[in-house]
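Chain identifiers are assigned alphabetically (A, B, ...) following the order of the sequence lines, protein sequences preceding nucleic acid strands; residue numbering begins at 1 within each chain.
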Amino acid sequence: MHAHLEPSAILADLNEPQRQAVTHGAGPLLVLAGPGSGKTRVITRRAAYLVGTGVPARNILAITFTNKAADEMKRRIEGLGVARGMWVHTFHALGVRLLREFGELVGVLPGFSIYDEADRLRVVKEAMQACGVRDVLLRPEAVQDEISNAKNKLQSPAEFAGWADTFEQRAVARVYEKYEELLRERNGVDFDDLLMRVALLLRGHADIVERLNIRFQHVLVDEYQDTNHAQYLIARYLSERHRNICVTGDPDQSIYGWRGADIKNILEFERDYPDAVVVRLEQNYRSTGMILQAASALIANNRRRKHKDLWTENQPGEPVYVWRFSEGQDEAEQIADTIQRLHQGGQAYSDVAIFYRVNAISRGLEESLRIRGIPYRIARGVEFYNRKEIKDTLGYLRILINPADQVALLRIINTPARGIGKTTIERLLATAERQHRPLLEVLRDRGVQAEMKGAGKKLAAFVKLLDQIEQAARGPVSGAVSAVLSLSGLEEALTKEAEEGGEDRLANVQELVTAARRYEEEVEEPTLADFLYRIALVSDQDQVDEKAGAVMLMTLHAAKGLEFPVVFIVGLEQGLLPHENALMQSLDVEEERRLCFVGITRARQRLFLTHARQRMIRGVTLPRAASQFLRELDQSAARFEDYSREPWDFGGGRAQAEEEQADPDGFVALHDHLPPEEGQRPLRPRAGGGSKWNHQRRRSSEFGDEDDVRIINAAGEALQDTSVYADWKPGTLVRHARYGVGQIVWIRPGSGQTRAAIRFARHGEKTFILEMAPIEKLQR
DNA sequence: TGGAGCGTAATTTTT
DNA sequence: TTACGCTCCA
């Protein structure tokens, strides 16, 4: 039936499976796309192809996870000559759109505010307080996680309460109920609501599902491996009738399980849709043979996956470099040196990326890069919108759209300082609570103002200010932002601050005005509400700008979907990657492995995996073992090089040669010889260079690597006898203020810092510094 | 009322 | 290390 289609640009240069996916007609389609296999190309071509076969663009819905991916897809589809009008959204943006249309059916009123992570935590704390749940008992963050998980599963507070069997869970259930009540009062939704409410809407309203099914004849979902239950349901409902659902993804790149993403969704797609056509994209166009080989070998260690045979016609290229260092600083220095050398050899800075598991690692790297004058950028876009001054400004705007938004109101009521203090605010809150009226209404109440004497005058002035802003904000969005800045006094306060030589936070808020202008130009019908929604949905990943002319630093999570000619992954150490929290449950190690796999497969030509034998994190230096993932790589695709100094001969330990031979990880100790770099100077050896650390004697308590542990323990036992922890031994029962009763797994004394690992029934094993942690020994 | 300074506590990834 | 919350002081 597509005979009239010319083999146009749409089908040009596609390989066979790609072609098959693009030209698939009606019915469910699963595209299992390995890294670098041209997945985005397939999706965009498929969308264009569908339009070519007569499907109106506006009847196609494409769903992505990040705004960046959505924008990219739009751009490319338009580049293929397809008219605008296709629905290309993130799940969350789609949620906003549908809730603005149908939200009232699920208790979301027009003008609703989106509560971000920080806002929502405030509300959780408030709910905990209202329920009398003390935050020393249950961390607000943990409660928030539980609520989030419940929402992902569409569990209402009542349903959650039904499940709860422990004391803590019942407490969470109460908080959850209160939390929902507070959000409802304020007409606020959190990120999870954007999905959950839509899923509930679709579940409860067959007529709406029907309407939307007519609207969306084809549904395409990208990164399907990252969908959670709510997203799964949304995709399902939206394609219920026509069953034209095309999902693309890769189980091996599922890295958001901790946030509720369910890898089962993609693994069991064929069970959900028995007639699904499955296409595997296994040819990799991105990486060298060696890199791909290492990645394949690593991921083969996972059980929960769908087998794929990744292959490439690319050159084998250089081996994957695995570098070992004595400590984190060395690692950072050598990486910076290497980047500098690569740059001198003609490699653009923007060709290089450094990935790490946790943000905390970036500091040392930044330092080393800065010293050398190497430009770098950190992918942390949310940061901008999370700045205090930005959130303050947005607070004023949020109130305009949603007068019930109490979080925003409390934020701005005394920012900048206008003499409305804690006591006044507390009285207002009490009144609002007692009379069941919105805070803003109470604030506007002349009677209330009169009661408050001096403070009341200030309240009246504040109310007047809000009215003025409202007047001024009737015009264009950027005008509204400027009006807030000038009228509220924020501008004045920030100017003063800037003049006094502080951080230039004025520039940041001015940037917000620029962002508003840009928004006005981009969108056909700009509105303040829509502008705020967009800002609320900005994420880290959206801010990754590969063309910035700078080395990119980012977490492994943020790296998904990107590619770079040169990639460094740092901190490949047990406890860091895989992360220690994941090591507690063996299933999570698979996700850590996938995370590593994602990082590795971002590299096109050169890949460096590094680890240090000890690393300082949060001011504490700890010994670190090499990551198990380094052992799981295809060893023939890797080259192990040891740059660490004086390999562990302290106190007349083993000879160096012995150490080399005994090295279980197969590292080559580097003394004078260095890794080959085509046409370039070899690396400078750090070892013989009289580095500043060479002569520094480390305290033995900082070590703990295998054999060294014995030495420390011997020293430790002597120390232990006299310490308060003398009778704390493995097996001893203790109580932690938060985690409850646990049992000591191991205990290791040090100078003023006794470390111990304690296993808890419900929280797994955790390591503490006993002197610092709220831990007591159980009597008897 | 507001700010500074202190002590304390804990530490992942973020649409 | 750092961030937050609390108290105390101006």
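Between Tyr356(A) atom OH and dT13(B) atom P there is a gap of 10 Å when expressed in whole angstrom units. Between the C1' atom of dT12(B) and the CZ atom of Arg357(A) lies a distance of 5 Å, rounded to the nearest Å. Counting to the nearest Å, the P atom of dT14(B) and the CZ atom of Phe191(A) are 13 Å from each other. Atoms CD (Glu580(A)) and P (dT12(B)) sit 9 Å apart, rounded to a whole Å. Remark: P of dT12(B) and CD of Glu573(A) are 17 Å apart, rounded to the nearest angstrom. As a whole-Å value, the separation of Asp226(A) CG from dT13(B) C1' is 12 Å. At whole-Å resolution of the value, CD1 in Ile114(A) and P in dT15(B) are 13 Å apart. Counting to the nearest Å, the C1' atom of dT12(B) and the CD1 atom of Ile617(A) are 11 Å from each other.
For Arg418(A) and Leu595(A), each mapped to the nucleotide of DNA chain B holding its nearest heavy atom, the one lying further toward the 5' end belongs to Arg418(A). Place His579(A) and Leu195(A) on DNA chain B by their nearest nucleotides, and His579(A) ends up nearer the 5' end.
For Asn67(A), no side-chain nitrogen or oxygen approaches OP1 or OP2 of dT15(B) to under 4.0 Å. Not one side-chain nitrogen or oxygen of Asn359(A) sits closer than 4.0 Å to the OP1 or OP2 atom of dT11(B). When the side-chain nitrogen and oxygen atoms of Thr555(A) are compared with OP1 and OP2 of dT14(B), one or more of them lie within a distance under 4.0 Å.
Cation-pi contact between Arg259(A) and Tyr256(A): present, with separation from the ring centre below 6.0 Å and deviation from the ring axis of at most 45°.
Asn414(A) comes within 4.0 angstrom of sugar-phosphate atoms only, judged by non-hydrogen atoms across all strands, and of no base. Within 4.0 Å (heavy atoms only), Ile420(A) reaches sugar-phosphate atoms of the nucleic acid but no base atom. Within 4.0 Å (heavy atoms only), Thr424(A) reaches sugar-phosphate atoms of the nucleic acid but no base atom.
The side chain of His557(A) sits closest to dT14(B) out of dT15(B), dT14(B), dT12(B). Considering only the side chain of His92(A), dT15(B) comes nearest among dT11(B), dT14(B), dT15(B). Of the listed nucleotides (dT14(B), dG3(B), dT11(B)), dG3(B) has the atom at the smallest distance from the side chain of Ala417(A).
Inter-residue side-chain proximity for Thr248(A) and Glu223(A) is flagged as unmet; no heavy-atom pair is nearer than 4.5 Å. Side-chain contact between Leu553(A) and Leu369(A) is present, with at least one heavy-atom pair separated by less than 4.5 Å.
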Nucleotide N/O of nucleotides 3-5 of chain C paired with protein N/O under 3.5 Å:
| from | atom 1 | to | atom 2 | distance (Å) |
| --- | --- | --- | --- | --- |
| dG5(C) | OP1 | Lys125(A) | NZ | 3.1 |

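Nearest approach of Ser368(A) to Ala332(A), heavy atoms of both residues: OG-CB, 3.3 Å.
Atom name C1', nucleotides dG5(C) and dT12(B): the rounded distance is 23 Å, in whole Å.
When atom types are taken as modelled, the side chain of Asp193(A) and the backbone of Arg197(A) share no donor-acceptor pair closer than 3.5 angstrom.
In this model, a donor atom of one side chain and an acceptor atom of the other lie less than 3.5 Å apart for Arg97(A) and His89(A).
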Exercise. Evaluate the criterion salt bridge (charged side-chain N to carboxylate O under 4.0 Å, His left out) for residue pair Asp530(A) and Arg100(A); output intermediate values, then yes/no.
Key: CA-CA 10 Å; Asp530(A) 187 47; Arg100(A) 290 180 84 181; 3.6 Å; yes
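Under the rule for a side chain to side chain donor-acceptor pair (under 3.5 Å), the partners of Arg602(A) that lie at least two apart in sequence or sit in another chain are Gln253(A).
With centroids closer than 5.5 Å and planes inclined by less than 30 degrees as the test, Trp258(A) and the base of dT13(B) pass as a stacked pair.
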